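Below, read A as the first sequence line, B as the second, and so on, with proteins coming before strands; counting in each chain starts at 1. Here the structure is a predicted model, which means the values were calculated and not measured. All values below were derived from every heavy atom in this structure, side-chain atoms included, with hydrogens, water molecules and symmetry-related copies excluded.
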Amino acid sequence: MPLMLHNTLSRRKEVFKPLSPSHVGLYVCGPTVYDRAHIGNARPVIVFDVLYRLLRTLYPSVTYVRNITDVDDKINRRASESGESIETITTRTTRLFHDDIAALNVLPPDLEPRATAHIDAMIAMIEQLLTKGHAYAAEGHVLFSVPSMADYGRLSGRSMEEMIAGARVEVAPYKKNPADFVLWKPSTPDLPGWESPWGRGRPGWHIECSAMSTKYLGASFDIHGGGQDLVFPHHENEIAQSCCATGAPFAHTWVHNGHLMVEGEKMSKSLGNVLSVRDLLEQAPGEAIRLYMLSTHYHQPFDWTAEGLRQARSILDRLYTALRNVADLPVRAGVRIPIEIRAALEDDLNTPLALAHLHELTADLNRAETEGDKIWAKSSLLAAGESLGLLRLDPEAWFRWHPAGAEANALSEDAIDAAIAARRAAREAKDFAAADSIRKDLADKGVLLEDGPRGTTWKRA
RNA sequence: GGCCGGGUGGCAGAGUGGCCAUGCUGCGGACUGCAAAUCCGCCUACGUCGGUUCGAUUCCGGCCCCGGCCUCCA
């Protein structure tokens with residue numbers, strides 16, 4: 001089964017063919033580091049992490065580039081509001097971003113270039129565009145001339161007329177055409193700026209991704225990803241900048257994830273329903289957030305609900321229960337990703353179907369009778385989990401998770417063990433009333449007991 | 001208004017021209033001192049109206065409804 005991906009350029013699912021059989025280049029638009037990551041930011045990070053994991057099993061070499069946007073007017077505004085320096089904000093926010101997504105089992109990309117470290121590459125690309133007549137300088141700005149590119153609008157399926165008609169912002173007087181967009185703009189002394197042929201200034205919104213993807217992956221590369229809202233204008237403009245500057249085709253396959261809603265409503269600051277990854281990590285383990293995110297196909301809109309997250313945790317309880325029951329058995333080395341999981345992922349990252357197969361593997365493990373079958377089933381389940389970035393924890397660690405900040409209220413593990421011992425004594429004495437009372441008492445404190453063939457185990461509710 | 005994507009059982013969510021998604025929940029059975037977990041089984045589906053077809057949730061068309069984007073946005 002070849003890898004199939006939905007390509008926004010063609011609007012259909014295509015067989016993925018890398019430019020080189022031995023190497024795949026993947027570029028995904030990363031965060032603008034002005035605030036903590038919210039759950040909508042996490043979606044592409046998780047989706048493309050699954051794609052990255054899959055590509056690494058299919059090709060000898062993969063280069064995954066995800067940028068950090070650390071020059072942006074939102075950052076500038078944040079700095080002037082808080083009085084902190086821009087660097088303080090971007091450094092701290094970048095660290096928080098890394099911490100948050102690591103908790104979601106997201107692998108680091110191979111390269112994570114920062115925009116401010118690549119200003120020279122951006123200036124060079126802008127100069128190329130000027131030389132080739134695709135850009136013009138005006139009043140300290142440099143603008144991309146949209147009419148200079150014949151098939152501008154191909155990715156988003158827009159005509160020039162539509163874009164001009166749809167332009168809602170006031171058209172700046174120095175624009176030759178309302179659709180032209182900024183490549184470089186002047187900075188006042190209080191704003192970050194770099195010396196350029198057009199005076200001290202800073203890059204426009206789109207040029208950094210063009211410059212950095214070209215630098216690290218070449219003028220043409222395989223896959224460019226991001227959220228659906230970036231199709232226009234960001235990705236459309238990236239294509240325009242890169243193709244016109246280099247004269248080569250840009251990314252061949254464009255993959256976009258759908259948007260995220262919260263409890264049926266658009267997530268927005270005005271509605272006050274923006275969920276930060278950090279807040280969610282205090283409500284549920286990172287793997288529950290990740291599994292929940294993967295339970296809807298990446299191309300579909302996702303409606304994030306508290307109930308859905310609770311369900312995701314229940315599902316993982318089941319998976320980890322199966323693994324806990326075979327905790328003392330070894331994992332066979334070199335077991336491949338089960339074929340049905342791989343087939344689901346190769347079919348345009350059908351993670352909901354892959355998760356359905358994960359449940360079947362779990363049932364297989366629960367039903368296995370011989371030790372050999374159990375080892376095989378356990379190894380297969382873990383290999384499948386790895387491909388999705390799930391089941392990376394020790395089962396006991398999973399069941400001991402409790403919300404952050406609840407340490408003070410949480411019963412200590414020593415106290416739990418003592419209660420279990422007392423209950424065992426009561427049961428041996430056939431004093432079931434006392435045993436049930438202990439169990440009830442623990443349950444009231446959020447600790448659930450289960451009597452199994454291997455003794456009594458517990459988990460936090 | 002323009003462009004795009006959807007409408008599946010109590011909920012979430014895949015998929016397919018004729019047979020099972022899967023999970024959560026609920027119900028019954030096995031197991032258990034009782035539970036829980038697990039296993040076995042069960043229930044409730046494909047917006048609407050037409051068309052094509054031996055047969056459509058699946059293909060085609062109309063209609064209704066929902067969502068996203070249209071230079072802040074993952």
Between A:Thr321 and B:A37, is there a side-chain N or O to OP1/OP2 distance below 4.0 Å? no
Would one find a side-chain N or O of A:Lys266 under 4.0 angstrom from OP1 or OP2 of B:C66? no
Using a 4.0 Å heavy-atom cut-off to protein, can you give one letter per nucleotide of nucleotides 39-46 of chain B, 5' to 3': B if the base is in contact, S if only the sugar-phosphate is, - if neither? SS------
In Watson-Crick or G-U wobble terms, with both distances under 3.5 Å, the base opposite B:U22 is B:A12
Using OP1 and OP2 only, check whether a side-chain N or O of A:Asn237 sits under 4.0 Å from B:U71. no
Apply ring-ring contact (aromatic ring centres under 6.0 Å, His included) to A:His252 and list each qualifying residue two or more places apart in sequence or on a separate chain. none
With C1' as the reference atom in both, quote the distance from B:G47 to B:C66 in angstrom, rounded to an integer. 11 Å
Check the geometry between A:His299 and B:G5 and answer yes if their rings are stacked (centres below 5.5 Å, planes below 30°), otherwise no. no
A:Asp436 and A:Arg427 ion-paired at < 4.0 Å: no
Would one find a side-chain N or O of A:Trp205 under 4.0 angstrom from OP1 or OP2 of B:C73? yes
Tell which nucleotide pairs with B:A45, taking only Watson-Crick or G-U wobble pairs whose two distances are both under 3.5 angstrom. none
Can you list the residues that meet the ring-ring contact (aromatic ring centres under 6.0 Å, His included) rule with A:Phe302, with sequence neighbours excluded? A:Tyr292, A:Trp304
Consider the side chain of A:Leu353, meaning its heavy atoms from C-beta on, and name the nucleotide among B:U22, B:A14, B:U71 that approaches it most closely. B:A14
